[in-house]
Amino acid sequence: MDDKSITGSQPSNRLFAMDALRGLIMLLMALDHANWFIAQKHSTGEHWGGPYPIYSDALPFLTRLVTHPCAPGFAFLMGVGMLLFAESRKARGWSKWAIWRDLWIRGALLIALQLLVVNRAWELSPQGWGLQIYWGVLASLGGGMILGSLFVWLPWQALAGIAAALFIGMEFTHPDPSLWGTLNEVPLGLLLGFSGGTQRLFSTYPVLPWLELVIFGLLFGRWLLVDQKSAYRRALWLGLVFLIAFGVVRALDGFGNIRPRMGDTWMDFLNPVKYPPAMTFTLLTMGFNLIVLWAFSQAKDRAQTFFAPLLVVGRVPLFFYVAHLFIYAGIAYWLVPAGGTSIPGMIPFWILGILILYPMCISYGKLKHKKPFNTVLRFF
């Protein structure tokens, strides 16, 4: 594998499957946020305690379900990218300290973007916001990048052990659901361990529960460096194993679920705790992501041409993320009646937002790849 195919310094040489999966989950994420801004039918969130979303109609549930793979996919793909970035820079002659420093700067930038820019977009929500400090997905990814960088040089066996230990061990750290509302004055816990909070500080993406997926991404990156075809075959089989394991653990309705199912419908079964991610949530969403990743890896010339629009989005994910929030907030302000639309009525606006973003992503991608690999624009 040549260096360009690892780093993506030339768009045509990037790892197609990784970029396509990233592009797909970015579009699904946009659907979730269009639901928030435009339909205004978004759930209250699948938290470890407190009120839990219960669905009587399939459409609102499915609209939420199809977006669940996004956050796990972001963390996993970031881990893969970190590993490939570190190895490519090492091959260019960078020292380990220089690589760590670069990853720490990128992580800090993600946290700063969350607190200084992205939170301003959430404040434009038509239904109101009211949070002073919000610790969201970008902040969690930034923290995960900083902590995950410490493991980037480990062999795959060590990474597998750490990922497994976090995957199982974090289940023992989740508070009992009966404690919801009593831990809101523990800032470090909100930032690192569990979701919740007050208007002064609210967290949905604490760092440590999502770190397991960053480490798993580092592991998968190691596999990619050894043999891409073998790595993608592993993705298929692991994805199938994850989905089977989800079915078993979810049916038992005990350890790995954080809180019991709300009922006995198929929607209740497929509605695990996301904040923080229960074992069942991770198994379900990463099972999907890994199988889709394998499917993209099998794409030939015609299929790759068909999925090329996903690459446009998948190669500028941070730019897309920041821009799409403001675009959907603007669409909601200028085009949507008070109270929002129905979910079917939201779909055209979701598509409109993507159509606005697509040429912006093309232009930004061209600008990005004209810059040297160590410039700030390449962070996006």
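Everything numeric in this text was worked out from a predicted model, so none of it was measured.
- Distance check: L77 CG to I25 CD1 gives 5.0 Å after rounding to the nearest 0.5 Å.
- A parallel orientation is assigned to the rings of W129 and W122, their planes being inclined by less than 30° (bins at 30° and 60°).
- Partner of N257 under the side-chain hydrogen bond (donor to acceptor under 3.5 Å, both in side chains) criterion, out of H174, E171, R250: R250 alone.
- Listed by chain and number, the residues in a ring-ring contact (aromatic ring centres under 6.0 Å, His included) with F172 are F255 (sequence neighbours excluded).
- Here the closest non-hydrogen pair linking L190 and G196 is CD2-O, 3.3 Å.
- The aromatic ring centroids of F269 and F246 lie less than 6.0 Å from each other.
- L335 and I343 fall within the same hydrophobic cluster, defined by Ile, Leu, Val, Met, Phe, Trp and Tyr side-chain heavy atoms under 4.5 Å apart, directly or through other members.
- Looking at F37 and S125, their side chains come closer than 4.5 Å, going by heavy atoms from C-beta outward.
- Taking every heavy atom of both residues into account, P53 and N271 meet most closely at O-ND2, 3.2 Å.
- Contact check for F74 versus L141: side-chain heavy atoms found under the 4.5 Å cut-off.
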- Message: Is there a side chain to side chain contact (heavy atoms under 4.5 Å, CB included) between F167 and L213? Walk through the geometry before answering.
- Response: CA-CA 8 Å; F167 177 62; L213 290 164; over 6 Å; no
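- L284 and L252 are not part of a single hydrophobic cluster, where members link through side-chain heavy atoms under 4.5 Å apart.
- With F296 as reference, F307 is the one residue of F307, F306, Y232 to meet the ring pair (Phe, Tyr, Trp, His ring centres under 6.0 Å) rule.
- When atom types are taken as modelled, the side chain of Q114 and the backbone of L138 share a donor-acceptor pair closer than 3.5 angstrom.
- Close placement of the F61 and Y55 rings is indicated, their centers lying within 6.0 Å of each other.
- Once rounded to the nearest 0.5 Å, the distance linking CZ of F349 with CD1 of I327 reads 14.5 Å.
- Geometrically, R222 does not engage W156 in a cation-pi contact defined by less than 6.0 Å to the ring centre and at most 45° from the axis.
- The cationic atom of R22 (NZ for Lys, CZ for Arg) does not lie both less than 6.0 Å from the six-membered ring centre of F320 and within 45° of the ring axis.
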- Task: Starting from the C-alpha separation in whole Å, work towards a yes-or-no answer on ring pair (Phe, Tyr, Trp, His ring centres under 6.0 Å) for F194 and Y275.
- Result: CA-CA 7 Å; F194 49 86; Y275 306 112; over 10 Å; no
- Query: When you look at L318 and L113, which way does the side chain to side chain contact (heavy atoms under 4.5 Å, CB included) test go after all the steps?
  - Reply: CA-CA 10 Å; L318 188 54; L113 281 172; 3.8 Å; yes
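- E46 places no side-chain N or O within 3.5 Å of a backbone atom of K274 that could act as its donor or acceptor partner.
- Cluster annotation: L243 is not connected to V248 through the hydrophobic network of ILVMFWY side chains, with a link wherever side-chain heavy atoms come within less than 4.5 Å.
- Between Y328 and L352 the shortest side-chain heavy-atom distance does not fall below 4.5 Å.
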- Could you go through the side chain to side chain contact (heavy atoms under 4.5 Å, CB included) check for Q40 and W36 one step at a time? CA-CA 5 Å; Q40 299 170 32; W36 174 271; over 6 Å; no
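- No side-chain donor-acceptor contact under 3.5 Å links W135 to the backbone of L201.
- Electrostatic pairing of R64 and D32 counts as a salt bridge here, judged by a charged N lying under 4.0 Å from a carboxylate O.
- Contact check for V117 versus F326: side-chain heavy atoms found under the 4.5 Å cut-off.
- Side-chain contact check for W210 versus V137: every heavy-atom pair is 4.5 Å or farther apart.
- With respect to T285, the side-chain contact (heavy atoms from CB on, under 4.5 Å) criterion is satisfied by exactly one of P72, P272, C70, P277: P72.
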- Item | Criterion salt bridge (Lys or Arg N to Asp or Glu O under 4.0 Å) on R200 and E185, from CA distance to verdict | CA-CA 10 Å; R200 184 167 57 88; E185 302 301 328; 3.0 Å; yes
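- The aromatic rings of W48 and W180 lie perpendicular to each other, with more than 60° between the two planes, well past the 30° mark.
- Checked by atom type, the side-chain pair W104/S149 shows a donor-acceptor distance below 3.5 Å.
- Between R315 and D19 there is a salt bridge, since at least one side-chain N of the basic residue sits less than 4.0 Å from a carboxylate O of the acidic one.
- I351 and I356 fall within the same hydrophobic cluster, defined by Ile, Leu, Val, Met, Phe, Trp and Tyr side-chain heavy atoms under 4.5 Å apart, directly or through other members.
- Closest heavy-atom contact between N184 and G197: OD1-N, 3.1 Å.
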- Query: Would M145 and V214 count as a side chain to side chain contact (heavy atoms under 4.5 Å, CB included) if you check the C-alpha gap in whole Å, the side-chain angles of each, and the deciding distance to 0.1 Å?
  - Reply: CA-CA 8 Å; M145 179 171 286; V214 179; over 6 Å; no
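- Rounded to the nearest 0.5 angstrom, F85 CZ and L103 CG are separated by 5.5 Å.
- The side-chain heavy atoms of Y321 and M29, taken from C-beta on, include a pair separated by under 4.5 Å.
- Put simply, the side chain of Y134 never gets that close to the backbone of S203: no donor and acceptor are under 3.5 Å apart.
- We find the CG-CH2 distance between L159 and W223 to be 10.0 Å, quoted to the nearest 0.5 Å.
- With hydrogens and angles ignored, the 3.5 Å screen pairs a side-chain donor or acceptor of S363 with a backbone N or O of P359.
- Between H33 and H324, the ring planes are parallel. Angles under 30° get that label, and only those over 60° would be called perpendicular.
- No donor-acceptor pair closer than 3.5 Å links the side chain of D57 to the backbone N or O of L59.
- A continuous path of Ile, Leu, Val, Met, Phe, Trp and Tyr side chains, each step under 4.5 Å between heavy atoms, connects Y52 with L62, placing both in one hydrophobic cluster.
- Here I38 contributes atom CD1 and S342 contributes atom OG; the two are 11.5 Å apart, rounded to the nearest 0.5 Å.
- Residue pairs that meet the salt bridge (Lys or Arg N to Asp or Glu O under 4.0 Å) test with at least one member in residues 237-249, sequence neighbours left out, do not exist here.
- Side-chain contact between L218 and I162: absent, with no pair of heavy atoms (C-beta onward) separated by less than 4.5 Å.
- Looking at every heavy atom in both residues, V152 comes nearest to L83 through O-CD2, 3.3 Å.
- For the ring-ring contact (aromatic ring centres under 6.0 Å, His included) test, residues two or more places apart in sequence or in another chain that qualify with H68 are F281.
- For the pair P177 and I258, the tightest heavy-atom approach, listed with the atom from each and the gap, is CG-O, 3.7 Å.
- Within the 3.5 Å criterion, the main-chain N or O of A39 finds a donor-acceptor partner in the side chain of K41.
- Interatomic distance, CZ of R89 versus CG of L84, reported as 10.5 Å (0.5 Å rounding).
- Inter-residue side-chain proximity for T63 and P60 is flagged as unmet; no heavy-atom pair is nearer than 4.5 Å.
- Between E87 and R92 there is no salt bridge, since no side-chain N of the basic residue sits under 4.0 Å from a carboxylate O of the acidic one.
- If you run side-chain contact (heavy atoms from CB on, under 4.5 Å) between C361 and each of I354, L311, V312, only V312 comes through.
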